[in-house]
Amino acid sequence: MIKYGFVTIFTQDISQDMPEEMKQADCIYCKPPCSYNILSRQAVPAAFDTYGVYVKRFFEYVDEITPEYMYLQVTASNRDIFVDECKKRFKVVDIDEAYYNRNKKFKCWIIRCSNAEPAPNPGKAVEVNTYIRHICKNSSFRCIADPVMQPAAIEFYAHKNEIKIVSLCSNQIHIDRLRDRIAEYDAKQTARERKKLTKQKNFQK
């Protein structure tokens, strides 16, 4: 287990038993691998011999967490299969258009689920990092679960907004990038606080 601020990372994948800490989550935000070829580079090939087996295991995690809200970032290749599984579990399932890499040509979708009112969203098609920033800033999640940490955007913005997040990741490159990004952000915040304190002291003189 690794901790960086509000982020807790377990160095494993979903073929293994779920950590108890992840069961506390009231929200899931995840970008599952979009195909078996991608999956074989990011999970344990021996554990999942087809994409269908992987999806089944993913939703076993969802069923064990029973989140109030869930967001899944998908592409054309895996959108329908995930939508179908979401509709089996949630009363309200919406699909938001989005894009990634700051380029509207790279289209994706966010499947947005809840069992009560619709889950919060930006209200328009935006870049996925903007989408994540919006929901972290405008929601009251107690804890977010990310069973397949990849680019770690949700981890960073959860930390920035002081929301607890529990993630699974066996890719050290992703972990190191997140660590560096959080460290840089925290250092800038500390510098801002020091500058603000210095101004206050000078004003009081």
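- Gln12 contributes a side-chain N or O that, together with a main-chain N or O of Asp17, makes up a donor-acceptor pair within less than 3.5 Å.
- For Asp96 and Tyr131, the side-chain atoms include at least one donor-acceptor pair closer than 3.5 Å.
- Taking CG from Asn161 and OG from Ser140, the interatomic distance works out to 12.0 Å, rounded to the nearest 0.5 Å.
- Although no hydrogens or angles enter the test, the distance criterion places a donor-acceptor pair under 3.5 Å between the side chain of Glu127 and the main chain of Arg102.
- Remark: side-chain polar atoms of Asp84 are not paired, donor with acceptor, to backbone N or O of Ile81 under 3.5 angstrom.
- Taking the side chain as every heavy atom from C-beta outward, Val166 and Cys143 approach each other to under 4.5 Å.
- To the nearest 0.5 Å, atoms OG (Ser167) and CG (Leu178) are separated by 8.0 Å.
- With His174 contributing its side chain and Pro151 its backbone, the two residues share no donor-acceptor pair below 3.5 Å.
- In terms of modelled atom types and a separation under 3.5 Å, the side chain of Glu155 and the main chain of Met149 share no donor-acceptor contact.
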request  = Apply salt bridge (Lys or Arg N to Asp or Glu O under 4.0 Å) to the pair Lys3 and Glu21, showing each step before the final yes or no.
outcome  = CA-CA 12 Å; Lys3 289 185 69 71; Glu21 290 84 347; over 6 Å; no

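- Atom CZ of Phe106 sits about 12.5 Å away from atom OH of Tyr99, to the nearest 0.5 Å.
- Atom OG1 of residue Thr130 and atom CZ of residue Arg133 lie 4.0 Å apart, to the nearest 0.5 angstrom.
- Looking at Tyr29 and Ile165, their side chains never come closer than 4.5 Å, going by heavy atoms from C-beta outward.
- The line from OH of Tyr61 to CE of Met18 is 5.5 Å long, rounded to the nearest 0.5 Å.
- Judged as a ring pair (Phe, Tyr, Trp, His ring centres under 6.0 Å), and not counting sequence neighbours, the contacts of Phe156 are Tyr185.
- A cation-pi contact links Arg181 to Tyr157, judged by a cut-off of 6.0 Å to the six-membered ring centre and 45° from its axis.
- His159 contributes a side-chain N or O that, together with a main-chain N or O of Phe6, makes up a donor-acceptor pair within less than 3.5 Å.
- Using a 4.5 Å heavy-atom threshold, the side chains of Val55 and Glu85 count as touching.
- Within 6.0 Å of atom NZ in Lys56, 12 or fewer heavy atoms from other residues, nucleotides or ligands are found, so the atom counts as exposed in its surroundings.
- Annotation: side-chain contact (heavy atoms from CB on, under 4.5 Å) contacts of Pro118 (sequence neighbours excluded): Val92, Asp94, Arg112.
- Hydrophobic clustering of Ile, Leu, Val, Met, Phe, Trp and Tyr side chains at less than 4.5 Å, counting indirect connections, unites Val148 with Met1.
- Side-chain polar atoms of Tyr69 and Glu117 form a donor-acceptor pair below 3.5 angstrom.
- When the side chains of ILVMFWY residues are joined at heavy-atom separations under 4.5 Å, either directly or via intervening members, Ile28 and Ile14 end up in a single hydrophobic cluster.
- Partner of Cys30 under the side chain to side chain contact (heavy atoms under 4.5 Å, CB included) criterion, out of Tyr71, Phe82, Phe58: Phe58 alone.
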query = What's the verdict on salt bridge (Lys or Arg N to Asp or Glu O under 4.0 Å) for Asp176 and Arg179, showing C-alpha distance, side-chain angles and the deciding distance?
reply = CA-CA 5 Å; Asp176 290 345; Arg179 176 202 61 204; 3.3 Å; yes

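- Separating the CD atom in Gln24 from the NZ atom in Lys164 is a distance of 3.5 Å, to the nearest 0.5 Å.
- Each of Val83 and Ile110 belongs to its own hydrophobic cluster when Ile, Leu, Val, Met, Phe, Trp and Tyr are linked at side-chain heavy-atom distances under 4.5 angstrom.
- More than 12 non-hydrogen atoms from other residues, nucleotides or ligands lie less than 6.0 angstrom from CG of Asn103.
- By the ring pair (Phe, Tyr, Trp, His ring centres under 6.0 Å) test, Phe10 pairs with no residue at all, sequence neighbours left out.
- No donor-acceptor pair under 3.5 Å is formed between the side chain of Asp26 and the backbone N or O of Phe141.
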